[in-house]
Protein chains: 2
Amino acid sequence: MTSIKDVAAEAGVSVATVSRVLNEHPSVSEDARARVLAAVASLRYRPNAVARSLRTDQTHTLGLVISDVLNPYFTELARSVEEEARALGYSVIIGNADERPELQDHHVRTLLDRRIDGLLVSPTDGGSPLMLDAARAGTPMVFVDRWIPGVDVPVVRADGRSAVRDLVAHLHRLGHRRLAIIAGPAATTTGQERVEAFREALEEYGLDLPDQYIGQGDFQADSGRRATERFLDLAEPPQVVFAADNLMALGALDAVRARGLRVPDDIALAAFDDIRWFVHTDPPITAIAQPTGELGRAAVRALVDRIEGRAPRSVTLPARLVVRRSCGEPPTTNETPATSEHPSTNETPATNENPVTNRSQS
Amino acid sequence: MTSIKDVAAEAGVSVATVSRVLNEHPSVSEDARARVLAAVASLRYRPNAVARSLRTDQTHTLGLVISDVLNPYFTELARSVEEEARALGYSVIIGNADERPELQDHHVRTLLDRRIDGLLVSPTDGGSPLMLDAARAGTPMVFVDRWIPGVDVPVVRADGRSAVRDLVAHLHRLGHRRLAIIAGPAATTTGQERVEAFREALEEYGLDLPDQYIGQGDFQADSGRRATERFLDLAEPPQVVFAADNLMALGALDAVRARGLRVPDDIALAAFDDIRWFVHTDPPITAIAQPTGELGRAAVRALVDRIEGRAPRSVTLPARLVVRRSCGEPPTTNETPATSEHPSTNETPATNENPVTNRSQS
DNA sequence: CACGTCGATGTAATCGATTCCACGAGGAGG
DNA sequence: CCTCCTCGTGGAATCGATTACATCGACGTG
């Protein structure tokens, strides 16, 4: 590999001068600069980022540890994170935790070993000592989507509360009274919050959320299937199943289908997280859409602010309800297919406009 | 940050001894080893991977440049790549090219700057000078899924030829005679091959593939929609649309639906690349499934072989037809939902067993 | 007893960059 | 004309590891 010494030799200057040219230091003569650039070009020299990082103690790299790459929500998040980071001059290394705390730890450790400049995490659990230590030790860090309470780290997330209320209003209006939820792991904030929001919304309508209508899931399709089967085995099965993420909704769909039942006629289905495929499932699925792309970008901006010495801000954006047919009513809005937009812009607006239903109370 | 010097001081030995303990060099006394390990633990020391890489000239990192992360096929590929790499002691940095050659180049450049040990690429185009240079310069490299002809780099891919023949047989048996294809970019091997395989299979049945039945796509949903609209505008529209990847199939579905037409009654649809959502679309979509996970793993093994001085092998695995209802016939096999399998093993077997249809000629 | 061998350890060179410091030339100002 | 400052430049230290080489003591063998 050609190094800065080779360039210096070729250009007839010292390595210091080469470095100055490369870093756009002002005091370099026009002559020297030209010779260096010529040498760089002719040798096809590229600076060794490893050496540079060692010296400057910065890698211009962000770590992103997400819970599950196969979940389209996180895929989209990862994509927007990379995009914004690139715009700000950073690279991103993605670690996929697969909802497994020990894998999450593995990635956090590897990323810290590589001396990434900052860490974006969507924690799978309540936080390992490793991660908490890193946060306390001053590693620039931002939580995205999920977070860990009691840790002094900015959080960028969506608030689904109002959208969940819209959903319950919608369901109530359609005559559904027995509503069940497939929850995420209790160790995650999103696992808890969505259940709470759901319960609170039900209370507004005088509805109860009995324990047997709370399925325990782990954000994976399989758990959604099992929880749904259990619901269907009840003496009085729920009329609606609300899955706390898109994969569990997929599993629920499997379970319903395996019994020869139909959505929404026999049982209604709704999901947290909207994904493009929901437009084309049988039936199209009513879902709560997060402003995924904006979340990713905001998270990167917060992290980079922190890294570059500015004060990072926590951000909470609203989610919104997208009504389709899986709960029983044909959509009243005419929806443009998600795929009709350009891929790089196909995300749901952050505004909470156009809720299909007005809530009956505040 | 605590460095090896701090550990040495704490343990009362030299940095050399610390390094030896950490690298399991045999000639270290039991006493010194114990003191070093104690110091490492009490200081929570972690070696600086950047410094280590600079000295040893290896990063234990692979680069993976894929065409489009939002495409579930590539997401799954990326996941299996990371998994196998981790098992072999490597990390993976993913670069998403978004089907844009200049972005692909950006990522290749960044990865090379970081001195990754090897590169896994699924090229979006015919190959930029940058990538070709890197290959010639001896950067360990392996192509996965797509490749660039005329470059001496091992290729790990699926052969869809026989599955495409099975598909055409299936379509022919259902009485379809006017078959169209939405092709991928001509600059990609998969873009070309799938059209060729399709044409050859049609010829076996005495069928023609007129130019107007070849839609030009770019592997993105939007192009699938446009191509399908053009098909539907023809005086004699095709009876079947075969999309060369799953996103274009999604676009095709959009287009058909926007016209108020139904699949398969008004027009049949099939896709290359099977994804779990195809089980639940309306209707479930007949697709050609690649052994995605096995491709990823084989690619990593080939690359690591190359890196560690063994001879890498090109690998070609068969794809297989998965019949669902989108072409007109209820499936004759009872399909287990994709989500019933454990997420880490939910991939299609590499064998070509169980084709629903026997071809009428070889 | 002398010498060679081997195991344990430390010193210092090295990887490829950045950057502090010193130095010389040239220009401005007194 | 001398002094001082600025500009351009090179030498050398530095980042945190690995590793070649030197050293030294203990031990086995002739």
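First the proteins, then the strands, lettered A, B, ... as listed; each starts at 1. Values below: all heavy atoms of this structure, side chains included; hydrogens, waters and symmetry mates excluded.
- For the pair B/His107 (side chain) and B/Leu103 (backbone), a donor-acceptor distance under 3.5 Å is present.
- Five base pairs at each end of the helix from C/dC1-D/dG30 to C/dG30-D/dC1 define two local axes, and these are offset by 50° (rounded to 10°).
- As rounded to whole Å, 12 Å separates atom P of C/dT18 from atom CD of A/Glu24.
- A close approach under 4.0 Å does not occur between any side-chain nitrogen or oxygen of B/Ser27 and OP1 or OP2 of C/dG7.
- A donor-acceptor contact under 3.5 angstrom links the side chains of A/Ser67 and A/Arg146, judged on distance only.
- For B/Asp113 and B/Arg109, the salt-bridge test fails: no basic side-chain N is under 4.0 Å from an acidic carboxylate O.
- At D/dT9, one or more side-chain N or O atoms of A/Ser29 fall inside 4.0 Å of OP1 or OP2 (strictly under the cut-off).
- A/Asn96 and B/Glu83 are not linked by any side-chain donor-acceptor pair at a separation below 3.5 angstrom, with hydrogens and angles left out of the test.
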With the criterion being N/O to N/O and under 3.5 Å, what pairs connect the protein with nucleotides 22-24 of chain D, and how long is each?
none

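- With rounding to whole Å, B/Arg33 atom CZ is found 9 Å from C/dA8 atom P.
- Atom-to-atom distance recorded for A/Met1:CE and B/Arg115:CZ is 4.0 Å, nearest 0.5 angstrom.
- A salt bridge does not link B/Arg301 with B/Asp305: none of the charged nitrogens is closer than 4.0 Å to a carboxylate oxygen.
- At least one side-chain nitrogen or oxygen of A/Thr17 sits closer than 4.0 Å to the OP1 or OP2 atom of D/dG10.
- Counting to the nearest Å, the C1' atom of D/dT9 and the CD atom of A/Glu30 are 15 Å from each other.
- Sparse packing is recorded around CG of A/Asp57, with 12 or fewer heavy atoms of other residues, nucleotides or ligands lying under 6.0 Å away.
- Contact detail for B/Tyr90 and B/Thr61: the closest heavy-atom pair is CD2-N, 3.8 Å.
- Heavy atoms only, all atoms of each residue included: A/Pro291 and A/Leu317 are closest at CG-CB, 3.8 Å.
- One atom, CD of A/Gln58, and another, C1' of C/dT18, lie 11 Å apart when rounded to the nearest Å.
- Classification of A/Glu24 and A/Arg33 as a salt-bridged pair fails, no side-chain N sitting under 4.0 Å from a carboxylate O.
- Comment: A/Glu294 engages A/Arg297 in a salt bridge, judged by a side-chain N to carboxylate O separation of less than 4.0 angstrom.
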Contact pattern, 5' to 3', of nucleotides 12-18 of chain D - B, S or - by protein heavy atom under 4.0 Å: -BBBBBB

